[in-house]
2 protein chains.
Amino acid sequence: MVEYSSTLDTVFHSLSDATRRDILKRVSKEELSISTLAKPYPLSFAAIAKHVAVLEDAKLITKRKIGKEQIVSIQPNTFKAANACLGQYEKIWNARFDALDTLLKNK
Amino acid sequence: MVEYSSTLDTVFHSLSDATRRDILKRVSKEELSISTLAKPYPLSFAAIAKHVAVLEDAKLITKRKIGKEQIVSIQPNTFKAANACLGQYEKIWNARFDALDTLLKNK
DNA sequence: CTATCATTCAACCATATGGTTGAATATAGT
DNA sequence: ACTATATTCAACCATATGGTTGAATGATAG
């Protein structure tokens, strides 16, 4: 009956935490090691490593080892899937909404 | 340190469940009562009512009472916030990605 | 007024989630 | 070889989540 997409489940679940979204924001600007990522937050290193693991599971980021460090970088393609999903809900009511928007502006 | 946005937390959390996404898809096409919504799923009515409540909390939908029924309809504005959030991660790497994309196509 | 349908509410349960600490495993630098 | 740093892993805990059932409330139709 329902079309189950475990991928979207994990993507959206990853995005539902403010710390993880902040990690994504930082990583979208530059590649960072997990320990560098961990510094600003009032959480243990292990907690951040877990958050990074969640993001990695959702394929929102990738890790690659350089020496003793794990360098985290963003994985663009996955966001396209999330966007496409949101777009799916949008398409019908978008026209309606835009019409309302213009209506309100011209009032 | 971290910019906490409880709104986005709940929006993305709502979207992380396939049943809820399916409800959204159906409701994006036409307004439906909770009991109508509940029919296709192998879950109790109460379970679906809970899912609807989660979506309502996140302001992805609204309910209005008509007689004994609660009519569920989609609330467009909230999706704009989610989209804007995703766009935030995109803007930096989007250029890079598009460049790569063109590169691969012209190869 | 009563029976029925749609919904809400409360109690309950199993499992997932987000956090902790402490120990184990690389790798780098001296 | 020793030490410090970066990471992983395992055990543990409190709370949140997603589901159930059954009872209570509201509105409609006879």
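Each chain gets a letter, A, B and so on, in the order the sequences are listed, and its residues count up from 1. Computed from a predicted model, the values in this text were never measured in an experiment.
Atom CG of B:Asp17 and atom P of D:dA16 are 19 Å apart (whole Å). Atom CG in A:Asp57 sits roughly 13 Å away from atom P in D:dT8 (whole-Å rounding). Rounded to a whole Å, the NZ atom of B:Lys39 is 11 Å from the C1' atom of C:dC5. The separation between A:Tyr41 atom OH and C:dG19 atom C1' is 16 Å, rounded to whole Å. C:dG18 atom P lies 11 Å from atom CG of A:Leu55, rounded to whole Å. Rounded to whole angstrom, the span from the CD atom of B:Glu56 across to the P atom of C:dT7 amounts to 12 Å. At whole-Å resolution of the value, NZ in A:Lys68 and C1' in C:dT25 are 13 Å apart. As rounded to whole Å, 10 Å separates atom P of D:dT17 from atom CG of B:Asp9.
One finds no side-chain N or O of B:Gln70 lying less than 4.0 angstrom from the OP1 or OP2 phosphate oxygen of D:dG26. Distances shown here put a side-chain N or O of A:Ser35 below 4.0 Å from the OP1 or OP2 atom of D:dT7.
Proximity note for B:Lys50 (side chain, C-beta onward) versus D:dG19, C:dT20, D:dT5: the nearest is D:dG19. Listed nucleotides D:dT8, D:dT28, C:dT20 differ in distance to A:Ser44; the shortest reach to its side chain belongs to C:dT20. Checking D:dA27, D:dG18, C:dG19 against the side-chain heavy atoms of B:Lys65 singles out D:dA27 as nearest. With D:dG18, D:dT8, C:dC5 as the choices, the nucleotide that has an atom nearest any side-chain atom of A:Ile34 turns out to be D:dT8. Distance from the side chain of A:His51 is smallest to C:dG19 among D:dG19, C:dG19, C:dT8. When each of D:dG26, D:dA6, D:dT20 is scored by its nearest atom to the side-chain atoms of A:Glu69, the top-ranked nucleotide is D:dA6. Closest approach to the A:Phe45 side chain among D:dT8, D:dG18, D:dA27 is made by D:dT8 (side chain taken as heavy atoms from C-beta onward). Side chain of B:His13, nearest nucleotide from D:dT17, D:dT7, C:dA26: D:dT17.
To the nearest 0.5 Å, the span separating NZ on A:Lys65 from OG on A:Ser33 amounts to 13.0 Å. In this structure, CG on B:Leu60 lies 6.0 Å from CG on B:Leu55, to the nearest 0.5 angstrom. Here the OG1-CD1 distance, from B:Thr62 to B:Ile74, works out to 9.5 Å after rounding to the nearest 0.5 Å. Distance CG/A:Asp17 to CD1/A:Ile23: 8.0 Å, rounded to 0.5 Å. Note: B:Thr10 OG1 to B:Lys59 NZ = 8.5 Å, rounded to the nearest 0.5 Å.
Taking the nucleotide of DNA chain C with the nearest heavy atom to each of A:Ile66 and B:Ala46, the more 5' of the two is matched to B:Ala46. Positionally, the nearest nucleotide of DNA chain C for B:Lys63 lies more toward the 5' end than for the other of B:Lys63 and A:Ala47.
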